[in-house]
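See structure below.
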Amino acid sequence: MSDRAPSPEPRSFERAVFLDRDGTIIEEVGYLDRPERVEFFPWTIDAIRVLNRAGLAVVLVSNQSGVARGFFNEDVVDAVHKRMADLLAEGGAHIDAYYYCPHHPDGKVPQYTQKCGCRKPCRGHVDRAEQEFGIDPTRSFVVGDRWLDVALGRAVGAQRVLVRTGYGASEEQKRPADVEADAVVDDLIAASSWILGKL
Ligand SMILES: [Mg+2]
Ligand SMILES: [Zn+2]
């Protein structure tokens, strides 16, 4: 760890990278119900640090319908994100915002059982980042391992990258006719490199 005092994180950005969580930043393990099960890919911290240093807002956008389904509660999701933040901080990287959708139209927990505007591919969380950070979605990027992540990118006019980790390799084989990625790459570090080349 550096002994320099950390400089305050800027809270205003022109551009963001919206990162899916499961299968993109961390290993896809099904419904992640315990923070101990968080496992970064070996390149995750480097990949996020590169984006931080490029001056991009790094915004996690995750569908966590396990909350609506009653598999775990929001405290668990917060604990998972706290663990991720701690591990990233050890490597000199950070995520600027952790946004997730706890809803699902077919849930079991009444307060979360709804059609919402924040479940990807809906754009609610991108709009929220626009308000909180001042970013321009059309100059931003979306990275994920599923076509619904790519569809979010299309919905907001961002450039979009499908990674082959998580479900990505199988998703690549069954692209919906109406969704196209700007790039399909092996993993998040390759996605970060691709994004740097577009700045
Ligand atoms: Mg995913
Ligand atoms: Zn939602």
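Read the numbers this way: they start at 1 and go in the same order the structure lists the ligands and their atoms. Sequence positions, counted from 1, serve as the residue numbers for this chain. The structure presented is a predicted model; accordingly, all values stated were derived computationally and were not measured.
- Between His125 and Tyr99, the ring planes are parallel. Angles under 30° get that label, and only those over 60° would be called perpendicular.
- Among the backbone and side-chain atoms of Asp145, an N, O or S atom lies under 2.8 Å from the Mg ion (ligand 1).
- The existence of a salt bridge linking Lys82 and Asp86 is confirmed by a sub-4.0 Å separation between a basic side-chain nitrogen and an acidic carboxylate oxygen.
- Salt-bridge check for Asp149 with Arg160: failed, with every basic side-chain N at 4.0 Å or more from each acidic carboxylate O.
- Taking 2.8 Å as the criterion, Glu28 does not count as a coordinating residue of the Mg ion (ligand 1), since none of its N, O or S atoms falls below it.
- Aromatic ring pairs are classed by plane angle as parallel below 30°, tilted from 30° to 60° and perpendicular above 60°; the pair His103 and Tyr112 is tilted.
- Comment: Lys198 does not engage Asp182 in a salt bridge, judged by the lack of any side-chain N to carboxylate O separation of less than 4.0 angstrom.
- Distances from the Zn ion (ligand 2) show that Cys116 has an N/O/S atom below 2.8 Å.
- Looking only at its N/O/S atoms, Asp22 has O as the one nearest to the Mg ion (ligand 1).
- The atom of Asp20 nearest to the Mg ion (ligand 1) is OD2, with the search restricted to N, O or S atoms.
- Of all the N, O or S atoms in His103, the one closest to the Zn ion (ligand 2) is ND1.
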